[in-house]
Amino acid sequence: MTDSLVYLIAGLCLLLAVVLPQALSSLAISAPMVLVGIGLLIGLLPLSGEFALDPIQDEKVILHVTELTVLVALMGVGLALDRPLRPRELRTWGHWSATWRLLVIAMPLTIGAIALLGWQVAGLAPAAALLLGAALSPTDPVLASDVQVGGPMLAEELEELEEGLADEDSDTGERLDEVRFALTSEAGLNDGLAFPFVYLAILVAAGGFGLAEAGEWLGWYLAGKIAIGVAVGVGAGWLLGKIAFRSSRPSLRLAEQGEPLLALAALLASYGAAELVGGYGFLAVFTCAMAMRASERKHDYHRSMHEVIERLERLLTLAVLLFLGIATTRGLLGDLTWTGALVGVAVIFVIRPLAGLLSLSIRLRHKDRPGGLDVGDRLAVAFFGVRGVGSLYYLAYAAGEAEFEELPWLWSTVGFTIVLSVLVHGITAKPALDRVDRRRGAQGPGLAERRRAAER
């Protein structure tokens, strides 16, 4: 393929990335679906052998591109979440009730079910089965934009939000968009929380997993690295927020200058610092974004930073989806078996929905609405566990740390599951969430509905 053709295809695809969100706003078709479809068609062209996109040979490229894409998405998610989480106020923890249950109950159940299916049905070694479960367990902050919250709210909207959260019986509180919040906050946290289980697969693959290794995993990989990642992220976000909003030097008060590139600087700095001291960088980036947001929650500067991150995320997502589509028709599914396809179908239609529904059906907050979600909300949250870029990153990361004999099969199965998720969730997202909005709208338009109406 000539350089001129590369530029032509890149330009046309970038144009599509710009116009697709608006063009598809009224259709039950998502932009990721279209971009993957374009990639599938490009992969059928008579391209040169250098464009084969072998996931094993190009492991490092996949690792770094997907890593950056997930990091940018995590920063965007952290800035977009309007609901406060104040460690010293137990009431605010309750407003994240659905998120905690998706993380503490649904995610381990998903990992265990996928690993068991891979081990008993697909005949994988225990280490490979664990890796499959860990890679496919997190929901994706990159490809789930159709089921997530929008950008930061305006000051007036935030005031109404906080009033609704303060009064659980108010109409405002009843109309909060629990579905999108639960899916967004879950995606922001579970990408980092899947890492301990990836390391567990790596330790098992190394052989001899005994009491000493179990203690190391529990103490360091499950507890220590999570704590360090969160601490670094909160510290970095607090410091950068203090400088940007309240520095004694006007030249450092970036919020007044409206310089949105602070978000990118915070992303890179928090991730690098956390990884340097041994913590989970994904968690550091998300918590850094949340801490920056909390430093001055109602400032319009957050919207400026979010817009920059959103544009960068769109460009990176474009590249990943195109190459995923190209790879799919150029050999990525070459090692897919019926058992691999069964795993993918089970993850999308059975395992995640059942695990999510079980976790959200535990009655904790309201006698009629477990966790603040009614039956329709719970079904929507449980179903829309989008699989995506994070799964590719974890698989590439583990492949560079240990030997997995089933690696070609794992790549084919994970690739198939992601493409299936893009198609299924892309088709169903708009009609399903429109139905959720209509049910909530019967009580009067809530904050999210009014914002989307204003944007239209």
Determine whether a donor-acceptor pair (N or O, by modelled atom type, separation under 3.5 Å) exists between the side chain of [X] and the backbone of [Y].
| X | Y | answer |
| --- | --- | --- |
| T92 | P84 | no |
| H306 | A263 | no |
| S412 | D335 | yes |
| W100 | W93 | yes |
| T413 | L410 | no |
| D377 | V179 | no |

**OP:** Would you kindly say whether N190 and T139 are connected by a side-chain donor-acceptor distance under 3.5 Å?
**Re:**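 Yes.
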
Original post:
In terms of the angle between their ring planes, are Y301 and F245 parallel, tilted or perpendicular, with boundaries placed at 30° and 60°?
Top reply: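 It falls in the perpendicular class, over 60°.
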
Original post:
Taking the six-membered ring for Trp, are F384 and H425 parallel (under 30°), tilted (30 to 60°) or perpendicular (over 60°)?
Top reply: tilted

Is any side-chain heavy atom of [X] less than 4.5 Å from a side-chain heavy atom of [Y]?
| X | Y | value |
| --- | --- | --- |
| S185 | W96 | yes |
| I202 | Y221 | no |
| P196 | K225 | no |
| E178 | R83 | yes |
| I62 | F323 | no |
| C288 | M292 | yes |
| T66 | Y397 | no |
| V232 | L283 | no |

What heavy-atom pair brings [X] and [Y] nearest, and what distance separates the two atoms?
| X | Y | answer |
| --- | --- | --- |
| S295 | G241 | OG-CA, 3.5 Å |
| R387 | S137 | NH2-O, 2.7 Å |
| P152 | L79 | CG-O, 3.4 Å |
| G415 | L333 | C-CD2, 4.3 Å |
| F286 | L74 | CD1-O, 3.8 Å |
| P353 | V347 | CD-O, 3.8 Å |

**OP:** Mind running side chain to side chain contact (heavy atoms under 4.5 Å, CB included) on L200 and F209 for me, showing each step along the way?
**Re:** CA-CA 9 Å; L200 180 60; F209 190 80; 3.5 Å; yes

In Å and rounded to the nearest 0.5 Å, what is the [atom1] to [atom2] distance from [X] to [Y]?
| X | Y | atom1 | atom2 | value |
| --- | --- | --- | --- | --- |
| L35 | R314 | CG | CZ | 10.5 Å |
| F282 | S270 | CZ | OG | 11.5 Å |
| L71 | L268 | CG | CG | 8.0 Å |
| L124 | Q120 | CG | CD | 10.5 Å |
| I114 | L130 | CD1 | CG | 11.5 Å |
| L373 | R101 | CG | CZ | 7.0 Å |

Subject >> Identified salt bridge (Lys or Arg N to Asp or Glu O under 4.0 Å) counterpart of D82 within the set R293, R180, R297, R303 >> reply: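 The single option meeting the salt bridge (Lys or Arg N to Asp or Glu O under 4.0 Å) with D82 is R293.
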
**OP:** Applying side chain to side chain contact (heavy atoms under 4.5 Å, CB included), run through V308 and L264 and close with a yes or a no.
**Re:** CA-CA 8 Å; V308 168; L264 187 56; 5.8 Å; no

Original post:
Should F416 and T328 be marked as a side chain to side chain contact (heavy atoms under 4.5 Å, CB included) after you check the CA-CA gap, both sets of side-chain angles, and the distance that decides it?
Top reply: CA-CA 8 Å; F416 169 79; T328 300; over 6 Å; no

**OP:** Compute the ring centroids of Y199 and F195, then answer whether they are less than 6.0 Å apart.
**Re:**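 So the answer is yes for these two rings.
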
Original post:
In chain order, what residues pass the salt bridge (charged side-chain N to carboxylate O under 4.0 Å, His left out) check against R352, with sequence neighbours excluded?
Top reply: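 Counting only residues at least two positions away or on another chain, R352 forms a salt bridge (charged side-chain N to carboxylate O under 4.0 Å, His left out) with E186.
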
**OP:** Show the numbers, then the answer: is there a side chain to side chain contact (heavy atoms under 4.5 Å, CB included) between L354 and L358?
**Re:** CA-CA 6 Å; L354 288 181; L358 176 63; over 6 Å; no

